[in-house]
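Lettering of chains follows the sequences in order, A, B, ..., and the numbering in each one begins at 1.
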Amino acid sequence: MSTTFQNIRGTFDILPDAYTDDGGTRIASSAEWRHVEATVRDVLCRYNFEEIRTPALEPTELVARGVGESTDIVQKEMFAFERSGTQYVLRPEITAPVVRSFLQHHLDQRGGVQKLFYLGPCFRAEKPQKGRYRQFHQFGIEIMGADKPRADAETIAVLMAVCDALGLTDLKLRLNTLGTPERRAEYVEALQDYLAPHADELSETSQRRLERNPLRILDTKVEHEQEILRDAPKLMDFVGEESLAHYDEVKEHLDGLRIEYEEDPQLVRGLDYYTETTFELESPGLGAQSALAGGGRYDRLAEVLGSDEPFPAVGFAAGMERLFLALDAADVDRPGTPTPDVFIAALGEEAERWVFRTTQSLRDAGLHVAHDLMGRSLKAQMKEANRQNAPYAMIIGSNELEAEAATVKEMESGEQQEVDFDELAEYLARRVDGTEAG
RNA sequence: GUGGGUGUAGCUCAGUUGGUUAGAGCGCCAGGUUGUGGUCCUGGAGGUCGCGGGUUCAAAUCCCGCCACUCACCCCA
């Protein structure tokens, strides 16, 4: 259409106003993003989590090891490149980076359990579609150093609390346990043995997974594969007693908090690092991308990343874009762009200079002030004040300069009055406070 | 990687069996008001009709190719 540049495919601009992209998806305004981010931070802080910020760029090896060589993410979705002999990757998720940072900075030495949260962009080179982008935004938590089932339950509880604070209801929580890696390995072997005779009945991808990542076959949506799986060995039968006890206690805590969930033995998360408890939060009716968040326990990740000692850990990651989809579907009210308290219109060069200085001092006094920078007509400036939804407009011309009193107009009623220059800040502050009470 | 859909103004879209100068609404700018917004009236700016080729006296419209965007499968947040 035009010859100017366009944003990279699979990314999107967040503008002052919400808009609809070419696929009909509503892209929320920057004010809505700020509101959601603020709500997320607020709830997480109330649950006593502390923020951690790590770079978008990480060593490729960290992601390969942390997320797992067999995963789709590492196999085909990394934005990775080499520069001067160093292998870089734009992080596809933030758990491995957080654990890296935790180990690098010996955060365990701060004492006790570390409850961390993050919020930021991630990158995956997938084919974009509704609710799925190449640059997307995740927030999440990691509880480092706690192996008690209460940590699992708190992870889920804080996730639900964030959704609740945002106004999301009708969510579905699915829960499962994967047991220990050792027992899981036994199970994988049994599953392979069971499936091997059926290999030629399986789809191409499932055949490939049979070798590399057999657990993922459990997710299949192919009907005859599901039939084959019906008589397959069950993961639950391989999960050890300790794991089952842990799982039971997690459920007990959730019951105690009145958090509803649905057990789903088929729930196998796509990332290699999960052990024991796993869960996924869904917003039904969102279509293809209904998963808002996923998480679970990953007690072995620290060691996979080179730690000499184990750090039991549990956390979740949630997708901001998915959250917005759910908010749209639920028609939840969100704030609009902040509007100026007052628009100051100037008539003539002398007034412009006075307005420019006064704007500054009113802003110093804490007011949100707008003014004209184009030298436009009074009519145009009033129109601008109206467009910006300023509750008050102030008019400064030669009359006002001479009288040393401003004409202040209340936009809604259209009423005007004169206010002495030295009382302006106080007058406006008082009026604005009154209107903002609601 | 595999399928489907869509490309006309800033936005939403119309454009007849191909027909000469490509339109509407909204938005934007200006005037009606030599110092006053929202409503109303008038005017204006803004388009390589995604790109390239072909058919034709004539293409936004028909044909071919390409590109972009998008939805879905897979998988994930």
How far does the [atom1] atom of [N] sit from the matching atom of [M], given to the nearest Å?
| N | M | atom1 | result |
| --- | --- | --- | --- |
| B:C67 | B:C28 | C1' | 31 Å |
| B:G25 | B:G32 | C1' | 23 Å |
| B:A45 | B:G10 | C1' | 12 Å |
| B:G19 | B:C73 | P | 41 Å |
| B:U20 | B:G37 | C1' | 45 Å |
| B:C13 | B:C71 | P | 15 Å |
| B:G18 | B:A58 | C1' | 8 Å |
| B:C11 | B:U48 | P | 13 Å |

If you look at every strand shown and take non-hydrogen atoms under 4.0 Å, does [X] touch a base, only sugar-phosphate, or nothing?
| X | value |
| --- | --- |
| A:E384 | nothing |
| A:Q416 | base |
| A:G414 | base |
| A:E400 | base |
| A:I73 | nothing |
| A:T25 | sugar-phosphate |
| A:A317 | sugar-phosphate |
| A:N399 | base |

Taking B:U36, B:C29, B:C76 as options, the one with an atom nearest any side-chain atom of A:R322 is B:C76

Quick check for you: among B:C74, B:C69, B:A77, whose closest atom lies nearest to any side-chain atom of A:F136?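 Selected nucleotide: B:A77.
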
Write down the distance between [atom1] ([X]) and [atom2] ([N]), rounded to a whole number of angstrom.
| X | N | atom1 | atom2 | answer |
| --- | --- | --- | --- | --- |
| A:M382 | B:U33 | CE | C1' | 13 Å |
| A:L15 | B:C11 | CG | P | 12 Å |
| A:L168 | B:A77 | CG | P | 18 Å |
| A:R174 | B:C76 | CZ | C1' | 12 Å |
| A:E415 | B:U36 | CD | C1' | 15 Å |
| A:L159 | B:A77 | CG | C1' | 11 Å |
| A:E77 | B:A77 | CD | P | 10 Å |
| A:R26 | B:U12 | CZ | P | 15 Å |

Tell me the partner of [N], counting only Watson-Crick (N1-N3 plus N6-O4 or O6-N4) or G-U wobble (N1-O2 and O6-N3) with both under 3.5 Å; none if nothing fits.
| N | value |
| --- | --- |
| B:C69 | B:G5 |
| B:C40 | B:G32 |
| B:U17 | none |
| B:A59 | none |
| B:U12 | B:A24 |
| B:U48 | none |

By nearest nucleotide on RNA chain B, pick out whichever of A:N7 and A:N386 is the more 5' one.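 Result of the comparison: A:N386.
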
Nearest-nucleotide check on RNA chain B, A:G23 vs A:S398; residue mapping nearer the 5' end is A:S398

query: Hey, does A:H137 have a side-chain heavy atom less than 4.5 Å from the side chain of A:C122?
result: no

Under a 4.0 Å heavy-atom cutoff, the residues of residues 119-133 of chain A touching RNA chain B are A:R124, A:E126, A:K127, A:Q129, A:K130, A:G131, A:R132, A:Y133

Could you tell me whether [X] and [Y] have a side-chain N and a carboxylate O separated by less than 4.0 Å?
| X | Y | value |
| --- | --- | --- |
| A:R430 | A:E426 | yes |
| A:E384 | A:R376 | yes |
| A:E126 | A:R132 | yes |
| A:E410 | A:R431 | yes |
| A:D341 | A:R363 | no |

ask   = Are A:F311 and A:F102 an aromatic pair by the rule of ring centers under 6.0 Å?
value = yes

Open item on the list: So that I know where these two stand, are A:F49 and A:F117 an aromatic pair - ring centroids less than 6.0 Å apart?
Closed with: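 Distance test on ring centres: not under 6.0 Å, no.
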
So, is A:R387 near the phosphate of B:C29, with a side-chain N or O under 4.0 Å from OP1 or OP2? yes

Report yes if a donor N or O on one partner sits less than 3.5 Å from an acceptor N or O on the other, where the partners are the side chain of A:K383 and the base of B:G38; otherwise report no.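 In this structure, the two groups form no donor-acceptor pair.
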
Any donor-acceptor N/O pair under 3.5 Å between B:U36 base and A:K379 side chain: no

- Task: Take the angle between the ring planes of A:F12 and A:W33 and call it parallel below 30°, perpendicular above 60°, tilted in between.
- Result: tilted

| query | So with a 6.0 Å cut-off around CD of A:E260, is the heavy-atom count from everything else above 12? | reply |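 Counting other residues, nucleotides and ligands, CD of A:E260 stays at 12 neighbours or fewer.
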
